[in-house]
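As the structure is a computational prediction, the values presented were derived from the model and not from experiment. Numbering of ligands and ligand atoms starts at 1, following listing order.
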Amino acid sequence: MLSVQQAETLILDLVQPLRGEAEWEHLGLLDAGGRILAAEICGNLDFPYWDNSAMDGYAVRFADVQACSAQQPIELAIIEEIPAGYQPQHSVQTGQAARIFTGAVMPTGADTIVIQERTQRKGNTVQVLVAPEPRAYVRHQAAFYQAGTPVLQPGTMLNAPELAILATIQSTQVPVFRRPVVAIFSTGNELVAPGQTLNPGQIVDSNQYALAHLVSQCGAEPLLIGIVPDQPELLKAAIAQAVAKADVVLSSGGVSVGDYDYVDQMLDDLGAEIHIRAVAVKPGKPLTVATFPPAGNGHSPLYFGLPGNPVSALVSFWRFVQPALRKLSGLSRAWGPQFVTARSRQDLQADGQRETYFWGQLHLAAGTHEFDLAQGSHSSGNLINLGQTNGLAILTVEQPLVRSGSLVQVLQVAPVI
Ligand code: AMP
Ligand code: MG
């Protein structure tokens, strides 16, 4: 059986990230947040756009004021007032100054700003009381960015800073990768939707809802196919339908060794290549990963048959599917799972047979991560104590015991609270 690391490497190798213009869409800045940039961006504008003042004060010629002091102030004639957004009308000559405000364009002739706190205004003149540094408080055109040079690279996620940069250079329609489509369905004769009457022996399908949200959180588009009974022909049809429509298919249930577990067999029948059937992990041992031959668009859909147990399905998603979706999305880096080292607040004991994930809460206490094990049963059938989980503590085969107060690796699956 594959180890967790082997499975992770194999899965990431199977992922073909979106690339090529056929996978692009062009979005306005209000729609592009969280999306992945598809091409290098070069702006047509310098930044700053023009020489401007970083402070409120007076635009002067440095040579005029370099020798002044409180004892020997220099008096300059004020020729005009330049608020932000205004085009200066005059050139500053020797013996002159322009009143200027933060962000306003430097007038020609002036090369230095004297901040207003170091001056004394007298009608139409100003006394400079302290000699400034040459070119003080002038933000020069193109000092931060030169037009035509690359500013953002493909594979970057567009968050607030990147959107501000794009707005600044007036790049208002940006090429981003389309969202990968992820088809999701649940298998099981026993399953009913949450809104349906629960008859004896039936179980409510929770996986589809949890997985749909996780898929959206990864920036992908969930495509819900519904509940599929454990009947080979229906299952085969559902798989074929999902594969035709999606980049990735997530099914849950039916991948174990029971008589009604048909997923692997149907994948075989449909010509898929099965790369993984089980991983030495707890919860989540039965895990099927398969690829289909490339479709017309050149994509070979990636199939994850997740275990049906709700806890196992979620842990498998967090550990194996999430990095794959992030890589697929075109993100150039940081696909991988996010591990933090935390101090465990309880003893954690695994059986040493498989890498074991214990769910609970990560907190920050005085700058240090702490892990609090969820109370109650850690059976993979219990999803009730999964609420508020933001971390999975990892007990390896080599180190199946972590004592309270010792450090443990934790897979972070949601923001730390
Ligand atoms: P399976 O992997 O199909 O053997 O299912 C394992 C266990 O998970 C069984 O108890 C199922 O009833 C339960 N289960 C399977 N699919 C779901 C689902 N979509 N939602 C909730 N429980 C499920
Ligand atoms: Mg089943």
Give one line per pair: atom of ligand 1, protein atom, distance. Only N/O to N/O under 3.5 Å.
residue  : atom   : partner : partner atom : Å
ligand 1 : 2 (O)  : G308    : N            : 2.9
ligand 1 : 3 (O)  : G254    : N            : 2.9
ligand 1 : 8 (O)  : G308    : O            : 3.4
ligand 1 : 8 (O)  : N309    : N            : 3.2
ligand 1 : 12 (O) : E190    : OE2          : 2.6
ligand 1 : 14 (N) : G308    : O            : 3.3
ligand 1 : 19 (N) : S186    : OG           : 3.4
ligand 1 : 19 (N) : D205    : OD1          : 2.8
ligand 1 : 19 (N) : N207    : ND2          : 3.3
ligand 1 : 20 (N) : S206    : N            : 3.0

Of I36, L166, L29, D31, the residue whose pairing with L158 passes side-chain contact (heavy atoms from CB on, under 4.5 Å): L166
For T341, side chain to side chain contact (heavy atoms under 4.5 Å, CB included) partners two or more places apart: L407, Q409
Contacts under 3.5 angstrom, residues 104-117 side chains, donor-acceptor by atom type, not counting sequence neighbours:
residue : atom : partner : partner atom : Å
T108    : OG1  : S91     : OG           : 3.1
D111    : OD1  : F62     : N            : 2.8
T112    : OG1  : R135    : N            : 3.0
Q116    : OE1  : R99     : NH1          : 3.1
Q116    : OE1  : R99     : NH2          : 2.9

Selection residues 304-349 - residue pairs positive for ring pair (Phe, Tyr, Trp, His ring centres under 6.0 Å), sequence neighbours left out: none
Exercise: do Q388 and Q361 side chains pair donor with acceptor under 3.5 Å: no
Test: R35 and E25 ion pair at under 4.0 Å: yes
